[in-house]
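Presented below is the structure to which this report refers.
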Amino acid sequence: MKIKLKNVCGLILMVCAVVSCDLDTTPTTSLDAPNVYKDTKNAERVLRGAWNYIFNTGSTYASIGMGSIMLNDDFAGSDAVRTRSYGFSGSYNLTNGYSRGEYNGVLWDLMYDPINNCNGILKYIDDVAGTKEDKARIKGQALATRGYAYMILATHYSFAIDKDPNAVCAPIYTEPTDNEVALTGKPASSVSEVFAQALSDLEDALLFIPENYSHGNDANAQYQIDYSVALGLLARTHLYARSWQKAYDYATDALAINSYLMNENEYKSGFNDYTNKEWMWGLSCTIDDNMPCYLFYFKDCTSDGYTNLNADPYFKEEFEDGDYRKDLFDWGQTAYGDWAMLNKKFIFKDLDNMLADLVLMVSIR
């Protein structure tokens with residue numbers, strides 16, 4: 001099995017990223033900001049480093065990056081069943097909300113380090129060398145990335161906003177932190193304030209990301225937030241914030257750009273390939289950067305993996321006969337020999353090289 005981390009042209013530490021052609025190890029507190037953000041090329045590297053951190057950071061193989069957080073969220077639902085296998089026990093037993101360990105700590109780091117990178121970009125991007133168009137796009141993507149991070153924090157560190165709009169959630173940082181601020185910290189804001197920050201960032205991002213900009217079919221750019229993804233994130237965030245009409249409106253705008261619905265063969269192909277035209281946003285993994293793919297061992301019931309993610313047996317009956325999604329359910333044995341309702345929705349694209357692309361947003365489902 002190959003597990004390699006790519007060399008990132010950007011350092012993700014407690015403070016803003018330092019960039020070079022290889023992984024630097026010098027914190028930006030020892031460099032002047034003009035040396036860090038000297039041009040749009042370096043600023044883009046800082047942003048790329050933030051997303052590398054989001055996808056690749058974790059404490060165990062069961063907590064690698066944002067993909068594992070999404071899988072962790074699945075185990076908090078009523079349609080998923082966890083059998084006797086490694087990982088996600090706290091989520092499935094609903095006990096991981098009572099400690100600083102497991103996903104609570106992992107997710108916190110996954111969001112706040114990239115937030116700090118984005119704060120550095122937003123502070124200096126207007127004065128770096130480069131074209132006006134590139135600076136605007138990078139600024140918009142930094143805003144959208146920060147908005148995405150605050151949306152994730154708002155939905156994971158407090159109850160739903162309509163339960164208590166003033167409930168304590170997480171601190172808000174909009175300026176780069178230094179060591180003193182990082183050690184001292186800031187008081188947590190309310191869940192309403194965190195959602196407001198997320199929505200403000202995402203709405204501002206639309207002012208800077210060109211409507212005709214798209215990450216297209218570039219395998220190395222699938223993580224980048226283009227205009228349609230920003231619309232989708234606004235729809236998702238307004239949905240969580242209980243702004244129903246705005247959620248509908250932004251979703252309609254996103255679907256005006258991409259409303260493709262995958263056919264039966266595409267749906268049954270394994271949810272592992274960014275070239276699927278229904279995918280709006282995702283991560284394309286390579287042999288040199290395949291760490292995020294490891295989570296497929298928890299989902300792919302056809303591989304010699306953990307076969308961890310299984311369906312509630314009654315969930316299958318929610319699908320009508322003739323619905324081809326029902327064909328993916330089947331009784332079988334897990335890696336530990338337990339009988340469970342397996343589901344063949346997620347399958348490695350290349351098991352030998354441990355490769356699969358991760359989906360973050362689709363146009364319909």
Side-chain angles (χ1 to χ4, degrees), residues 44 47 50-51 54 66 70 73 111 114-115 118 121-122 125 132-156 160-162 165 174 191-218 221-263 266-267 271 273-284 357-365:
E44 194 143 28
L47 188 59
W51 280 103
I54 289 172
M66 195 61 208
M70 294 188 295
D73 290 345
M111 295 300 109
I115 284 173
C118 293
I121 293 171
L122 294 170
I125 190 64
K132 179 180 179 180
E133 291 76 16
D134 283 344
K135 288 193 284 188
R137 174 183 55 79
I138 294 168
K139 185 174 186 177
Q141 289 176 321
L143 282 163
T145 300
R146 191 174 72 180
Y148 168 79
Y150 279 122
M151 179 266 287
I152 295 296
L153 290 169
T155 54
H156 286 78
I161 189 172
D162 48 359
T174 57
V191 64
S192 294
E193 291 170 326
V194 179
F195 268 120
Q197 182 66 52
L199 290 168
S200 175
D201 284 344
L202 290 166
E203 287 165 356
D204 287 346
L206 291 181
L207 302 176
F208 296 99
I209 300 175
E211 289 189 43
N212 61 356
Y213 169 74
S214 171
H215 54 228
N217 288 322
D218 184 351
Q222 293 305 300
Y223 71 92
Q224 294 184 4
I225 298 177
D226 60 20
Y227 196 81
S228 65
V229 172
L231 290 171
L233 287 175
L234 272 165
R236 184 183 300 177
T237 307
H238 275 295
L239 184 68
Y240 294 148
R242 305 303 194 257
S243 305
W244 310 120
Q245 186 60 50
K246 287 186 176 181
Y248 176 83
D249 292 341
Y250 279 117
T252 300
D253 291 341
L255 289 173
I257 298 174
N258 180 12
S259 59
Y260 183 82
L261 179 65
M262 67 181 77
N263 59 39
E266 290 169 324
Y267 190 87
F271 275 75
D273 192 343
Y274 80 90
T275 63
N276 187 315
K277 289 185 290 185
E278 191 175 310
W279 286 31
M280 296 174 62
W281 190 32
L283 173 67
S284 176
D357 300 333
L358 309 185
V359 61
L360 296 173
M361 185 182 295
V362 295
S363 57
I364 300 295
R365 302 178 219 271

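Since the model is a prediction, treat every value here as computed from it, not as a measurement.
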**Study point:** Straight-line distance of Leu234 CG to Leu202 CG, nearest 0.5 Å
**Key:** 4.5 Å
Check your understanding: Between Pro165 and Val191, which heavy-atom pair has the shortest distance, and what is it?
Key ->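 Here Pro165 and Val191 meet closest at O-CG1, 3.4 Å.
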Exercise for review: For the pair Gln197 (side chain) and Val194 (backbone), establish whether a donor and an acceptor sit closer than 3.5 Å, ignoring hydrogens and angles.
Suggested key: no
Review point. Does Ser363 use its side chain to pair, donor to acceptor, with the backbone of Tyr260 at less than 3.5 Å?
Key: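 The answer is yes, because a donor-acceptor pair under 3.5 Å joins these two groups.
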Taking the side chain as every heavy atom from C-beta outward, state whether [X] and [Y] have any pair of such atoms under 4.5 Å apart.
X: Thr155; Y: Phe195; value: yes
X: Ile121; Y: Gln141; value: no
X: Met151; Y: Arg236; value: yes

Review point. With under 30° as parallel and over 60° as perpendicular, where do the rings of Trp281 and Trp51 fit, or are they tilted in between?
Key: perpendicular
Review point. Of Leu283, Ile54, Leu358, which meets side chain to side chain contact (heavy atoms under 4.5 Å, CB included) against Met66?
Key: Ile54
Practice item. Would you tell me whether Gln224 and Tyr213 have side-chain atoms, one donor and one acceptor, within less than 3.5 Å of each other? Key: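 Per modelled atom types, Gln224 and Tyr213 side chains form a pair under 3.5 Å.
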Exercise for review: Walk me through it: do Trp244 and Leu239 pass the test side chain to side chain contact (heavy atoms under 4.5 Å, CB included)?
Suggested key: CA-CA 6 Å; Trp244 310 120; Leu239 184 68; 3.7 Å; yes
**Study point:** Within residues 136-146 or reaching into it, pairs that qualify as salt bridge (charged side-chain N to carboxylate O under 4.0 Å, His left out) - sequence neighbours excluded
**Key:**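 Qualifying pairs, neighbours excluded: Glu44-Arg137, Asp126-Lys139, Asp134-Arg137, Arg146-Asp201.
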